Every structure is written in structure tokens, then in C-alpha cells.
Amino acid sequence: MTLLMSHYNYWIVVALMMVGFFIVIAQGNLVKKIVGLNIFQTSVFILYISAGKIHGGSAPILNDSITVYSNPLPHVLILTAIVVGIATTALGLALVIRINKAYGTIEESEIQQRDHSC
Amino acid sequence: MLFATAIGIVLSRDLIAVVMLTGIYGFLSASFFVLMDAVDVAFTEAAVGAGISPLLMLLTLAMVGRKEQANRSRNFFALMLVTITGALLIIGTFGMPEFGSANAPAHTHVAPRYIEQSGAEIGIPNIVTSVLASYRGFDTFGEVAVIFTAGIGVLSLLMLKPAPSQVPLSNGARHHTVLRIVSKILIPPILLFALYVQFHGDYGPGGGFQAGVIFAAGIILYTMFFGVDVAQQVVSSAVLRVLAAFGVLLYGSVGLVSMLNGGEFLNYSVLAENPLTGQHIGILVIELGVGITVAAVMVMIFYCFAGQQSKQVEAEE
Amino acid sequence: MNDAIGFLSGALLLLGSFLIFTGALGVLRFPDTLSRMHAAGVTETLATTLLLMGLMLLAGWSLVLLKLIMILLFILFTSPTSSHALAKAVWRHQEDETKGGRHD
Amino acid sequence: MLAVTTFTLILVMAMALIRGFAGPSIFDRVLAANLFGTKTVLLIAVLGFLFGRPEFLDIALLYALMNFISVIAILRYFEHTQKAEEGRSADE
């Protein structure tokens, strides 16, 4: 029971990560694959942020009345990671649009069919 | 609840529903970050995860269609793989430190120094900003360069051809009087709020990344109501390209100036007589650079997507 | 005086919570889209106002109060607007369906 | 009182989520997303007071803004596709 209480955040992370992973490998639609990648990404964010939390800690903005702060380092890393994440997502979506133009579909199986038939 | 939303995304076939659930998912994870004391991160995630990324997905869907095909052939294999990987990872978590304990290895090395010393060394209350902009300035410079590169990538993939001259507002929402007036009232406060976030980043949650996204959101709102063409008369894409490059250059030149003044690259202490003042100036300027780049790249990406869409609609009509 | 303010803000918060809850219940239980929208849109503004008023009483005179007022104003602007846009879209969609028999 | 409000808000968010899953039409989902967003704004505000650091209301403001933008975006998008679909069906 104590193990359950003290590690639940990691389990949530693992579960989310696996859902994202499942979408990426099992779904044929390219847009949905990108959504899956996003979920995977968010699970990593949550892992970092929850590692930075300290019980009884407060947000890392200095204030005289507060003594315990949560760890600011993961916050910095994740903050930049999110913005880079949106940039890569945009790039992926742009690729999807180009693929749609070239093949007329965004289903993986159909794209492969066309590649083989050529 | 995060997990439930994720499952919903897996099960849903209609891609618009997927996108909307992604938006809800973004809100949820952002609230989670607030609970975890990561206010700066929550700020960014709210703007990006719940705002911009569903928007871009919607624009993509508008072009590629919203129905997903049934494709269940590899499901069993995939499920097996996922379960095995998940089980292995869960076994791995038993070695991890307890959630929230103050003695975890992550808290014992460099972080205490940041917490104890940054107030004296940098002189601004928000530790996240001081670490981001000063201690890890190199890293952030790299991130800005990555964003800039991604912007260029999208631009080269979806190059916006000079659109044929259209009647203004042809693509806008002329019949939505209420929406247009409300958004007209709202856009100036949004831009003002972005500036507040930009310059208040030293004292509260906020900074260049968030401010850039909010600023972009304001312009995107304008574009949605008045059409890409009208918005481009206000902020043309050539200006945006120059601005995006200018932000990166501003960041880099701060580093060079500090080198000229006898310090290391991106060491702001030498920018002024008093090291603390120098740090203040340095952080303010590089945050401005970050903000300009992020805003310009986001709007640029949005123009690319929206421009594609309006072209397609024209072609269909 | 302080007790009175605390009591008042508590009452406002409780009332707001109750209204929000009824709204969500309506959204969950009502049979069709327009009535669901009615449940959400009507309760939303009043409940939000009540809740934020309660928080304002707790905040006292400070920057926080100003931010709360801004949030309140913002919600009062946007919430009816988005309800309006949504209702218009639903209305049009339903008109289309009854006229042309075209489904989605 | 704050705790009660927080609890109610979380409950309401869960209900909105159910509507978001179940919602038969696209508009129900938009409605659920909108409801969810507003409740998140309130939740953040209330949580700030609950934890005793109410300086972070900027986040709530940003949430309200993003909520509005995404709802409008979805509706505008829907109009667009509908127009395109009409165009297509007129061609046929």
C-alpha cells in the first residue's frame, strides 16, 4: 500500500506513455499518430515535473515567507521542451499535408499500397 | 482523468473529436502542472497544449478530411508489445525514489544551489527564469534556434505563394457580427497581456516563450475573423521572417556583447557596472529575443497552414 | 467585520458551486444539444460571477483583486459570445438537416 | 469552503468529460470542451487560494483566453468544411 501511494505518479506516466506508444504503432492515420506522439511527449513532461515536486514545497518564485521550494530545474527543461514540441508538431503536420497532396490519402496502408504498385 | 482522456483518444474514430479531446487533455495536464508547483510550465502548456496545437491539427484536418479508416490488423501485436514494454517500465519504477521526497537524487546536486544562490547572484525572484535565461543560457539559445529551424522547415514545406488578389473579407466572418465586435474588443487586451507576461517574467510566472505564444494567439484570433489576406496587410509574412531571424540574432548578439565586454559568451554580469544590473539587462533582452522569435514563428506557421486551406477552398469552389 | 466577510465569501462560494453543479447535471442529463447548451450557458455566467466574487472578498485590496476582476470581465465577455456562436452553428446545422435531409 | 468548491469543480469537470466522450454530435463535444475550460479557469483560481499563493492568477486568465480561441476556432473550422462539403455536393 505504501508502495502504491509513493509510486503512483510513475505508473500514470507509464500508462500514458504506453497509450501514446500504442497509438503510434497501431493506428494507421498519420494525424492520429501525431496525436499519439503528443501524448507520449506529455507523459515525459509529467515524469520530469513530478520528479521535481517536493512535499510541502511551493512554486519556485522567491518569497520571504516560504522556505521549501520545488525543484526549478525540471521546470526549465520542460518549459523549453514544450515549445520545441509544438514546433516539431507543426513540422509533422506540414509533412502530413504534403503527403496528402502527393498521395491523396493519409492512411499508412494506402500509402504503402501506392508505393508498391508503382 | 488524464488516462481516461487518452483512452478516449484511442477509441474515437472521428478525428475532430480526437482533436477536441487533445485540447481537453492539454487543459488537464496543465492543471496537473499547477498542482505540481510548476507554474511556468503550466503557463506554457496551457498556451501550447490547449491552444495552438489543437488549432494546427484542426487546420490540417480541414485539408485532409476527418474520417479515419478502420485498421485493426496489427492491433493484437501492438497491444502485446505495449503491455510488455509497460510491464518492464513498471518494474523499473520500483527503483525510483518516492514521490515528493526531498532526498531524491534530483534534488541534491545542482538544484539547491540554484534555489539558495540565484536570488543573490541574479537578483530576480523567479528562479525558473533565472535558470532558463542565465545559468542555462546556452541551452535556451539552442532551443530558440530549434524553433527558428522548425519555422523555416514549415515554410519550405508549405511555401505561401503570393495569393491572387481577393476581395477583402472574402475569407473572413462577415456574417458573425457579434463575434467580430467582441474579438475587436478583446484583441488589444490580449496583446497587452502578452507584453505584461513578457516583462513580468522576472517576478512571476511568464517569460519570452509564453509571451510569444500569447501574442501569436492574439494575431491568430484576428486572422480567424478577418481572413489571412487582411491579416497579412497588418503583419506581412516578410516582416515575420525578418522578425524571426531578428529574435535569434538579438539573443546571439547579447552573448557577443558580453564577450566584447570581457566576459564569457552570454555572461551578463559584465553588461553593466553592477553585476546584478547587468544580469537584469541581459535577461530582459534575451527574453525579448525569445519572445519575438516564438511569436513570429508561430504566426508564420499559422499563416502557412491557413493559406493552404484558403487556397484549397478556392480550388474546390 | 472579518468574520462577516469570511461568512459572505463562503456563502457565495457554496452558492456558486451549487449552480455549477446543476449546470453540469443539465449538460449531462438533458436530451438534446440545444437544451444542454441552455443548461451550460445560463448557469455559467452567474456561477462564475458568484465564485469569483467570493474569491475577491478573500483577496482584499491587492493586485490579486485586479486580476480577479480581469478574469471576471474576460469570462463575462467570452462565455456568452462562444455560447452564441455555438448556438448559431447548431441552429444552422439543424436547419440544413431539416431542409435537405443531408446528414453530417 | 474552498475545499468544497474544489471538489465540486473536479466533479463537474468529470461530468463534462463524460459528455465529451458520449456527446452524439460535434456540438456537444464543443460544449463539453468549453465547459471544461471554464471550470479549469475557476479551479486554478480556487486552488491558488487553497494553497495560499494567489499570485498565479495570470495562468487562469490565459486559460480563459485559450478556451475562447479554441472554441471559436472549432466553430469557424466547422463552417469552412461545411461550405466545402456544400460545394462538393453541388458539384455532384
Side-chain angles (χ1 to χ4, degrees), chain C residues 6-7 9-14 16-18 20-25 27-29 32-34 36-37 39-41 43-45 47-48 51-52 54-55 58-59 62-68 70-72 74-75 77-79 81-83 85-90 92-94 96 100 102 104, chain D residues 1-9 11-16 18-20 22-28 30-39 41-46 48-49 53-58 60-65 67-72 74-76 78-79 82 85-86 89:
Chain C
F7 182 75
S9 85
L12 283 177
L13 284 177
L14 265 189
S17 310
F18 174 72
I20 280 184
F21 184 72
T22 42
L25 208 62
V27 170
L28 204 59
R29 301 280 302 172
D32 66 87
T33 311
L34 278 174
R36 280 197 274 264
M37 198 177 305
T43 52
E44 200 161 58
T45 37
T48 310
L51 273 183
L52 287 178
L55 291 181
L58 282 183
S62 61
L63 187 63
V64 176
L65 181 69
L66 188 72
K67 283 180 188 168
L68 280 174
M70 277 174 67
I71 294 177
L72 183 58
F74 198 88
I75 289 185
F77 262 115
T78 58
S79 164
T81 312
S82 45
S83 297
L86 193 58
K88 207 168 170 180
V90 175
R92 236 190 241 151
H93 185 72
Q94 285 182 348
D96 276 359
R102 191 171 63 83
D104 196 7
Chain D
M1 272 326 114
L2 284 174
V4 175
T5 315
T6 316
F7 181 73
T8 324
L9 281 172
L11 195 68
V12 167
M13 280 160 82
M15 285 157 84
I18 295 173
R19 179 45 74 196
S25 77
I26 217 72
F27 303 110
D28 287 306
V30 180
L31 181 65
N34 191 12
L35 192 68
F36 197 89
T38 337
K39 296 308 163 278
V41 174
L42 292 177
L43 184 70
I44 301 292
V46 174
F49 279 87
R53 296 201 75 176
E55 298 101 320
F56 307 136
L57 286 170
D58 303 354
L61 197 55
L62 177 64
Y63 276 40
L65 165 66
N67 188 23
F68 177 63
I69 288 186
S70 42
V71 168
I72 296 300
I74 291 173
L75 292 176
R76 293 280 292 131
F78 194 73
E79 253 172 36
Q82 218 171 23
E85 273 169 21
E86 272 163 21
S89 55

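Predicted model, so just to flag it, every value in this text is computed and none were measured. Proteins come first, then strands; the chains are lettered A, B, ... in the order of their sequence lines, and each starts at number 1.
Of the inter-residue distances, the one linking C:T43 atom OG1 with D:L35 atom CG reads 7.5 Å to the nearest 0.5 angstrom. Distance check: C:F77 CZ to D:F68 CZ gives 10.5 Å after rounding to the nearest 0.5 Å. Expressed to the nearest 0.5 Å, how far CG of C:L13 lies from OG1 of D:T5 amounts to 4.0 Å. To the nearest 0.5 Å, atoms CG (C:L68) and CG (D:L61) are separated by 10.0 Å. The line from CZ of C:F21 to CZ of D:F7 is 9.0 Å long, rounded to the nearest 0.5 Å.
With a threshold of 4.5 angstrom between heavy atoms, D:L9 approaches chain C through side-chain atoms but not through N, CA, C or O. Only the side chain of C:L51 comes within less than 4.5 Å of a heavy atom in chain D; its backbone stays farther off. Looking at C:L25, both its backbone and its side chain come within 4.5 Å of chain D, counting heavy atoms on both sides. Proximity to chain C is limited to the side chain of D:V71, based on heavy atoms less than 4.5 angstrom apart.
D:A64 approaches C:I75 most closely through the heavy-atom pair CB-CG1, 4.4 Å. The two atoms that bring C:E44 and D:N34 nearest to each other are OE2-O, 4.4 Å, heavy atoms only. Shown here for C:L55 and D:A45, the closest heavy-atom pair between the two residues is CD1-CB, 3.8 Å.
Contact check for C:T48 versus D:V41: no side-chain heavy atoms found under the 4.5 Å cut-off.
The residue among D:L11, D:V4, D:T38, D:V30 with the most heavy atom pairs within less than 4.5 Å of chain C is D:T38.
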